[in-house]
Amino acid sequence: MYEEPYRWIEAVGNRRQYLDDQFQQGAPIVALSYLEGILLVTFSRGTPKLYEIYDRIALGGMGHPADLEKLRFNLLDMAHVEGFNRSPSDVTGNRLMKYSLAPMIKQAFEEIFKAPFIAKILLAEVGPQPDRDQFLTIDYDGSFEENRGCAVIAATSSIRKKMLAFLKTQNNGPIDSLQTALDLAVKTWALGSLLHHSAESLDHQDDEDQQPAGAARSHEPDEKALVDHIRLALSEKSLECALLDRTLPGSSKYRNLPPDQTRQLLPALLQPAV
Amino acid sequence: MGRQGDFVQLLLDQGYSFDAPHFDGRGSQPVGQEPLVKATTVLALKYQDGVMVGGDRRATAGTTVMYDRTDKVLELDRFSVMAIAGVPATAFEMARILEHSFKYYRRSQLQDLSFEGKLRALSKLLKENAPAALAGTGPVAPIFAGFDEQHSSGKIFFYDILGAEFEGVDYAVSGSGSPTIRGILHYLHRWGNQPLYQLSEEEAVVLVLRLLMSAAEFDSATGGVNHQANLYPAIKRVTEKGVEGVPVDRLKALFESKVTSHV
């Protein structure tokens with residue numbers, strides 16, 4: 001019955017509905033460049049969401065863990081075979097996205113007799129200096145975007161846009177320390193998470209995408225709401241931080257920031273009340 | 001996912017072939033002739049902080065010196081190095097495979113490959129390489145040295161060209177210049193002022209320089225120090241902090257103060 005074009009479009013539309021629902025539980029991921037590297041941040045419950053892909057490339061993923069694993073392995077395979085057959089400097093986020101990830105996700109999304117990937121992915125690639133850092137994000141339908149300076153993935157595109165706008169307004173000029181980067185990233189994460197929760201509680205307001213750009217919503221969270229939300233998240237979940245540290249010696253630039261170090265870097269304001 | 005982080009299997013799945021060129025016995029190279037490949041000297045010895053690994057920098061083909069800047073002490077990951085004696089083409093390829101294998105394992109399995117796992121990986125590559133090794137076109141007899149984080153100690157292993165693995169408890173040597181220094185190492189360890197594992201970092205570097213100079217004295221295929229060209233052996237230390245190369249300036253200073261003699 002899907003042979004008719006109309007049916008096919010309808011089926012793809014149903015898929016979007018289904019996939020949007022699948023991301024209701026997901027936590028956003030924030031990545032931003034600072035002087036010494038790239039910081040990736042999210043809060044997770046158990047399963048990690050941030051991974052090392054190659055020497056200078058990290059991945060942040062939202063969605064079904066099994067789908068994320070499948071895509072992650074695909075990236076790992078391509079990156080390592082390429083790095084071996086050519087050179088590690090030929091392995092770039094751009095090529096991984098365009099020739100591995102995007103075609104796979106798009107094909108799965110449009111093959112309506114098969115299950116799509118429940119995944120949104122962010123790739124961060126560290127360069128020799130901040131203006132050479134690159135970010136790529138891909139949605140569940142295979143559409144991808146390139147960014148400089150920062151990138152986020154979130155449950156809906158409107159939340160994502162608001163988080164990006166928040167990052168831009170809060171950040172004037174290059175970020176010079178990890179502490180500042182972490183502070184900004186965690187607040188952006190909290191904004192995304194709060195918007196997500198309020199959108200849910202407003203019973204899936206579908207009209208938010210239709211709002212004129214820049215229109216302030218009445219319940220846009222203020223600084224205090226963000227801090228409270230971060231405190232709550234810190235007590236319920238684990239804060240996951242990964243770095244692509246351009247100062248690291250050797251070829252691999254990825255490292256996870258240990259939880260105790262992360263807590264020390266968080267400003268006193270955000271420390272959970274003991 | 002089904003290959004449990006095995007990079008070599010991934011390469012094979014992608015059509016990679018281990019078939020190095022080898023003679024079928026009817027070629028110009030007589031079977032049983034001493035291969036020209038072991039023309040080098042590499043060594044590793046344990047000292048008080050870990051393992052010191054060194055190698056001369058000469059590459060030869062027969063009696064011709066092809067190159068005097070080869071680095072035969074190759075860093076495989078943060079805690080392991082491979083010092084190569086053998087056909088450079090094969091040895092460098094092995095090092096590249098191992099480097100990618102260890103990274104691929106860590107990134108896919110989300111844990112580091114164990115020290116024993118790394119040793120096995122090298123052994124397997126040597127076994128795959130056996131036909132070329134026996135034909136004389138691709139033998140490699142490496143030393144693998146690393147810092148075993150689980151047991152927090154430096155370790156040294158050496159291999160024959162077919163992949164047999166032996167632990168060098170205090171030191172290991174390989175290459176054509178190695179018989180000369182093997183005796184010296186044995187003597188020093190047994191009857192020297194102190195056993196080798198008690199050497200300080202500086203003493204270990206000086207000893208490695210002196211040993212490589214001795215090997216170069218008696219083995220034409222081992223390069224020594226070319227003072228005018230500022231060429232010194234490649235020396236790396238492997239400690240709990242990871243692999244670090246000893247900088248040329250330091251080698252130069254130690255060479256001038258502790259190695260040059262006027263005999």
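So that the names make sense, note that chain A is the first sequence line, chain B the second, and so on, each numbered from 1.
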Please report the interatomic distance CE(A/M78) to CG(B/L10), rounded to the nearest 0.5 Å.
12.5 Å

Check this for me: B/K155, atom NZ, are more than 12 non-hydrogen atoms of other residues, nucleotides or ligands nearer than 6.0 Å?
yes

Examine whether an atom of A/Y54 lies under 4.5 Å from a heavy atom of chain B, and if so say whether it belongs to the side chain, the backbone or both; otherwise answer neither.
both

For residues B/Y16 and A/V81, determine if any side-chain heavy atom of one lies less than 4.5 Å from a side-chain heavy atom of the other.
no

Between CG of A/N85 and CG of B/L11, what distance do you get to the nearest 0.5 Å?
6.5 Å

Please determine if B/R106 and A/E52 form a salt bridge, counting it only when a charged side-chain N lies under 4.0 Å from a carboxylate O.
yes

When rounded to the nearest 0.5 angstrom, what distance separates CD in B/Q14 from NE2 in A/H80?
13.0 Å

Point-to-point distance, once rounded to the nearest 0.5 Å, from CZ of B/F7 to CG of A/D77
9.0 Å

Show the nearest heavy-atom pair for residues B/K103 and A/S251, with the distance to one decimal.
NZ-OG, 2.9 Å

Those residues of residues 117-141 of chain A that come under 4.5 Å of chain B on a heavy-atom basis, listed by number, are none

Counting only heavy atoms not in B/R250 (residues, nucleotides, ligands), do more than 12 fall under 6.0 Å from its CZ?
yes

Is A/D55 in contact with chain B via its backbone, its side chain, both, or neither, using a 4.5 Å heavy-atom distance?
both

Given 3.5 Å as the limit, does a donor-acceptor pair link the side chain of B/R96 with the main chain of A/F84, or not?
yes

Can you pull out the residues in residues 235-245 of chain B with any heavy atom less than 4.5 Å from chain A?
none

Is B/I97 close to chain A through its backbone or its side chain, or both, or neither, when contacts mean heavy atoms under 4.5 Å?
both

More than 12 foreign heavy atoms under 6.0 Å from CD of B/E165: is that the case here?
yes

If you compare all heavy atoms of A/I53 against all heavy atoms of B/R107, which two are closest, and at what distance to 0.1 Å?
O-CD, 3.5 Å

Return yes when atom NZ of B/K124 has more than 12 non-hydrogen atoms of other residues, nucleotides or ligands closer than 6.0 Å, and no otherwise.
no

